[in-house]
Amino acid sequence: MGNQVGLYITKPDTTPNPNNDPSFDPNLGFKNGRKERVMVATAAEMESAKLTAEERDYCAHVLLNYRACRREEWPWVYRCHHEKHAYLTCEYEDYVLRMKEYERERRLLERKKRIEKKQSLEFA
């Protein structure tokens with residue numbers, strides 16, 4: 001709810017839309033650049049495992065390991081707790097990274113707005 005209020009009511013010009021790509025350079029503010037995220041699982045692997053669209057993220061390879069373990073250990077799926085923990089940890093870290101990217105975009109939009117306001121006052 002808070003994101004929707006910010007996006008449409010209180011700060012529509014500085015609240016990033018989560019459905020759009022970032023509008024700033026991803027390496028802005030990083031001297032040595034950033035490590036690029038890569039998909040470990042291939043499209044063919046995800047398609048053969050019948051992963052849904054929501055499951056085809058950067059943690060798909062861990063999910064494939066977890067599902068393989070469940071298939072091998074059935075009906076004693078409790079033996080796959082390490083794989084389950086690895087998958088849930090990967091999903092959490094992915095969520096944190098996406099929230100950091102969202103916050104970075106929001107702060108850069110606010111910075112851009114401050115700079116534009118300062119420049120307009122100097123020329124006025």
Side-chain angles (χ1 to χ4, degrees):
M1 172 89 179
N3 184 32
Q4 298 300 320
V5 170
L7 184 60
Y8 296 113
I9 299 172
T10 57
K11 298 180 181 179
D13 52 343
T14 60
T15 304
N17 189 341
N19 298 324
N20 296 345
D21 290 333
S23 57
F24 296 95
D25 179 26
N27 290 324
L28 180 67
F30 293 92
K31 281 185 182 177
N32 302 325
R34 296 167 74 178
K35 182 179 175 184
E36 186 176 342
R37 295 181 76 188
V38 293
M39 283 290 296
V40 178
T42 64
E45 289 174 337
M46 292 187 285
E47 190 173 321
S48 67
K50 298 179 182 173
L51 295 184
T52 62
E54 294 84 26
E55 295 170 333
R56 294 179 185 220
D57 57 3
Y58 288 101
C59 298
H61 63 288
V62 185
L63 177 61
L64 292 175
N65 291 340
Y66 174 53
R67 286 191 177 173
C69 178
R70 286 181 56 94
R71 197 169 35 256
E72 292 168 5
E73 298 293 338
W74 185 262
W76 297 280
V77 294
Y78 66 88
R79 293 179 182 168
C80 299
H81 65 278
H82 292 293
E83 288 81 359
K84 181 179 181 181
H85 179 71
Y87 174 65
L88 294 176
T89 301
C90 182
E91 285 289 320
Y92 173 74
E93 289 172 355
D94 181 55
Y95 173 77
V96 168
L97 187 62
R98 286 185 287 121
M99 290 302 105
K100 286 180 179 180
E101 287 296 321
Y102 176 86
E103 182 65 18
R104 178 178 184 269
E105 181 78 11
R106 187 187 67 78
R107 289 179 184 211
L108 287 172
L109 285 170
E110 287 182 356
R111 177 178 176 258
K112 179 181 173 185
K113 184 178 176 182
R114 281 194 312 268
I115 291 171
E116 288 173 353
K117 184 178 178 181
K118 184 178 178 181
Q119 288 176 349
S120 67
L121 289 176
E122 288 176 357
F123 292 118

query: Side chains of Thr14 and Arg107: closer than 4.5 Å at any heavy-atom pair?
result: no
ILVMFWY cluster membership beyond Phe24 - transitive side-chain contacts under 4.5 angstrom: Leu28, Leu108, Leu109
query: To the nearest 0.5 Å, what is the distance between CZ (Arg98) and CG (Asp57)?
result: 7.5 Å
- line: One should read off an interatomic distance between Trp76 CH2 and Arg70 CZ, to the nearest 0.5 angstrom, of 14.0 Å
- line: Sequence neighbours excluded, the answer for side-chain contact (heavy atoms from CB on, under 4.5 Å) partners of Asn20 is Asn17
message: Taking the side chain as everything from C-beta on, heavy atoms only, tell me whether Glu103 gets closer than 4.5 Å to Met99.
response: no
message: Run the salt bridge (charged side-chain N to carboxylate O under 4.0 Å, His left out) test on Arg34 and Asp25 for me, step by step, so that the C-alpha distance in whole Å, both residues' side-chain angles and the decisive distance to 0.1 Å come before the verdict.
response: CA-CA 11 Å; Arg34 296 167 74 178; Asp25 179 26; over 6 Å; no
- prompt: Just by modelled atom types, is the Thr52 backbone N or O under 3.5 Å from a matching donor or acceptor in the Glu55 side chain?
  reply: yes
- prompt: Is there a chain of hydrophobic side chains (I, L, V, M, F, W, Y, each step under 4.5 Å between heavy atoms) that links Leu88 to Leu63?
  reply: yes
- prompt: Are Val62 and Tyr92 connected, step by step, through hydrophobic side chains (Ile, Leu, Val, Met, Phe, Trp, Tyr) whose heavy atoms are closer than 4.5 Å?
  reply: no
Gap between atom CZ of Arg79 and atom SG of Cys69 - 0.5 Å precision: 9.5 Å
message: Just to verify, which of Arg106, Arg114, Lys112 counts as forming a side-chain hydrogen bond (donor to acceptor under 3.5 Å, both in side chains) with Glu110?
response: Arg106
task: Report whether Tyr66 and Met39 are members of the same hydrophobic cluster (ILVMFWY, side-chain heavy atoms less than 4.5 Å apart, transitive linking).
output: yes
Contact summary for Tyr58 and Cys90, nearest pair of heavy atoms: O-SG, 4.3 Å
task: For the pair Asp94 and Arg37, find out whether any cationic side-chain nitrogen is under 4.0 Å from an anionic carboxylate oxygen.
output: yes
message: Using every non-hydrogen atom in the two residues, find where Glu45 and Val40 come nearest and quote the distance to one decimal.
response: OE1-O, 4.4 Å
task: Give a yes or no on whether the backbone of His82 and the side-chain of His85 come within a donor-acceptor separation of less than 3.5 Å.
output: no
- prompt: Is it true that a side-chain atom of Thr15 and a backbone atom of Pro12 form a donor plus acceptor pair closer than 3.5 Å?
  reply: no
field: Partner residues of Arg56 under the side chain to side chain donor-acceptor pair (under 3.5 Å) criterion, sequence neighbours left out
entry: none
field: Distance (rounded to the nearest 0.5 Å) between Arg67 CZ and Cys80 SG
entry: 13.0 Å
- prompt: Are any non-hydrogen side-chain atoms of Pro16 and Tyr102 less than 4.5 angstrom apart?
  reply: yes
